[in-house]
Amino acid sequence: MGSSAAIERDLARADSILARLARDSRRAGNITHVEHVPSRPGRTGPWPDWADEVLVGRLRTAGIDEPWTHQAQTAQAAHEGRDVVLATGTASGKSVGYLLPVLSRLLAEPGARAVYLAPTKALAHDQLRSVRSLRLTGVRASTYDGDTPGSEREWVRAHANFVLTNPDMLHRGILPAHRRWSSFLRGLRFVIIDECHGYRGVFGAHVALVLRRLRRVCARYGARPVFVLASATVADPGMSASRLTGVDVEVVDTDSSPRGPVDFALYEPPLIRGAVQAGGAGSVGLAGGAGLAGGAGLAGGAELAGGENGAPVRRAATAESADLLADLVTEGVRTLVFVRSRRAAEVVAAAARRALEEAAPELSGRVAAYRAGYLAEERRDLENRLRTGELLGVAATSALELGVDISGLDATVIAGFPGTLASLWQQAGRAGRAGQGALAVLVARDDPLDTYLVHHPEAVFGRPVEASVFDPDNPYVLMPHLECAASELPLTEEDLELFGPGARGAVDDLVRRGRLRRRPTGWFWTQRHRPDVDIRGTGGPPVRIVEVGTGRLLGTVDAGTSHSTVHQGAVYLHQGVTFLVTELDLDDAVAFVEAAQPDWTTVAREHTDIRVVESTRSARFADLEIHLGTVEVTNQVVGFQRRRLATGEILGQEPLDLPPRQLRTRAVWYTVTDELLAAANVEPAEVPGAVHAAEHAAIGLLPLFATCDRWDIGGVSTDLHPDTGRTSVFVYDGHAGGAGFAERGFLRVAEWLSATRDAVAACECPAGCPSCVQSPKCGNGNEPLAKAAAVRLLDSVLAAMDGDRGQVLDPPRK
Ligand SMILES: [Zn+2]
Ligand SMILES: [Zn+2]
């Protein structure tokens, strides 16, 4: 834990690095805020008397004299059979909280079994290594995933008492074969769900239903496992955990592990005019695209170097982070940079090495990239070199992919908000050891949410506002899982309760469609084959990208985004190489491409119409209404523009002949009267631009309140909507049936629109740019947009809501 003198010395070091960064003339004014996160002393409690003595001995040898209080509380609850979620920070030792009760039980009861679920294979393998390092002969731990050879699977089913797997394998491998797993399931005492905040959106809904299927099958074998969940710090972890498992879950969220002080800086790169991005990571194509989730395959507009319509852009977060990395490494500061794509990891590491070759050539070999796709040995090697200090700087794609024991570094630089506060803290938490000062820097991307956060430190450092959002009642998700369940074991009346209020209607529907048959003993699956459900899918088979000539498969894109990203004539980027789409074959779901080096990029033009099916909840004020309900969205990609890469200049426009597509989903919308618009001083001619700008910014800010990505949601705005009869702004869930995001927007509407207003007002650009009201996925070429009028409109909307910006319309339901 270190003496206070050491703490002060180390804090002073972090301070001086920051002070130097701030003095640097290039960076003057870029640091918008520095938060001193104070150190926290640790609090421990005694080992519980039921804990296995050998296990406790091994944990002591590993340096754990006594458990932290939160570990002991979690362990006690689980031991007593209470479902529990432990929601504390990175490196707070969450694994001891669940391993203590689970391993003690496996050691005490020969027939007892436990399952550990991780969102990634890498994490499960890491856990396996740490469990094996405890050398407990009574614990037969094994992973069970797509990589497990057939010959080993039999052994795992018959002999392992601790199986580390993932929800996909539970869904595809274990539940359909439950008879072969019957003795394992009969003994199942615990289900550990690690990183449970990652189960969100449509995927979260799928996992919630997989877990209900697991509970049902276990019950058939007479088992009722205890759920132990581990989560990052999120708003309302108990609600999310209960929704995920379907049972009431107790919460332990007071972190009692010690923490060194951290200086956390918020950093906004300067605005530059459009055109070519300068600086360390300055490949033109990367500038806009690197920060985007998912990397290649996103809308072509994201690859533009300049803002649309001549708008200024900010220097790329990746370029700025590469410079920071080089500077920190020069100071001897061990630094991790987090980026959002594999390519960005390579580019940032390369740019930092280049910068070091000039400034400190002896250090340039001590910087590397670390990303998914490397072999396990390569990754272990990089981790070791980072741990020993041989490597001073690493650019990595995600905190989750790093080995569990990579922490205690001097600094982390986060190139762009990683999407959720939970991930932000997970990444920042890799820096800092007990009793030692550390530095974290969030570098804003050209995006309204990043803009908002670097100007609103309270949103980063206050209580978390975002909750893990997903909706297990979505009929489009529920129905296929009812089919799976019925194919595993016939569904009974009591089962329907387990699957929620929509299950009865869904089952009746499946009977009508001949998928299920009702018999006196329950509902039976009628088909020969098993139901086919992709729990990570987003609707429809993905479109394959195939190179003409070689027939090489380059990758896939979602069916949902294929029309706008791989239409005929589109520029498609794959791992830094540019291709042109020669043909999009919708019947076979394949896009043919050939390598090319055009000096333009492409931007799809779309028409989107929205029809109100029904409003299910609403709030009405004078001159303002807010609704949550079901809508039907019709979207058609009608053409595309070619734009010069360096300047954004429009080179030409071509029509496309693609069919319209329909999506029935959930939306939140507000409507305003002409009186409100007049009072807000929004001229009639400005209305379309004002609502369009307000819609873009609202989409950008919703992820602060619901764990979604801006690519998961869409919007429509109009000065007169036929269904509402008024000026209206809609924001809808981009997946059939909805994922819960629109609901969250409705529940937190005042805070959401208030943040939206502030993000637009905070941006210093003259008339709108990607940091405020321009959207990289606008189907209308970001026209028209009226930034100032949008702020006035939002001010009036907020005033109309009784001026109560903190208002919550209703508590979320479980
Ligand atoms: Zn702006
Ligand atoms: Zn738009």
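One-based numbering, in listed order, for ligands and for the atoms of each. Because the structure is predicted, anything quoted here is derived from the model rather than measured. For this chain, numbers begin at 1 and follow the sequence in order.
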K.L.:
Are the side chains of Val716 and Trp669 in touch, meaning some heavy atoms are under 4.5 Å apart?
P.N.:
no
K.L.:
To the nearest 10°, what's the angle at the Zn ion (ligand 1) between atoms SG (Cys769) and SG (Cys765)?
P.N.:
110°
K.L.:
Could you tell me whether Arg666 and Glu743 make a salt bridge, using a distance below 4.0 angstrom between a side-chain N and a carboxylate O?
P.N.:
no
K.L.:
What I want to find out is whether Arg642 reaches Glu654 closely enough, with some N-O distance under 4.0 Å, to be called a salt bridge.
P.N.:
yes
K.L.:
Near the Zn ion (ligand 2), which protein N/O/S atoms are found at less than 2.8 Å?
P.N.:
His692 NE2, His696 NE2, Cys778 SG
K.L.:
Where the side chain of Arg617 meets the backbone of Leu628, is there a donor-acceptor pair that is under 3.5 Å apart?
P.N.:
no
K.L.:
Partners of His455 by ring-ring contact (aromatic ring centres under 6.0 Å, His included), sequence neighbours excluded?
P.N.:
none
K.L.:
Under a 4.0 Å threshold between the charged nitrogen and the carboxylate oxygen, would Arg445 count as salt-bridged to Glu320?
P.N.:
no
K.L.:
If I take the Zn ion (ligand 1) as the centre, what angle separates the SG atom of Cys763 from the SG atom of Cys772? Nearest 10 degrees is fine.
P.N.:
120°
K.L.:
Is Arg792 paired with Glu686 through a side-chain N to carboxylate O contact shorter than 4.0 Å?
P.N.:
yes
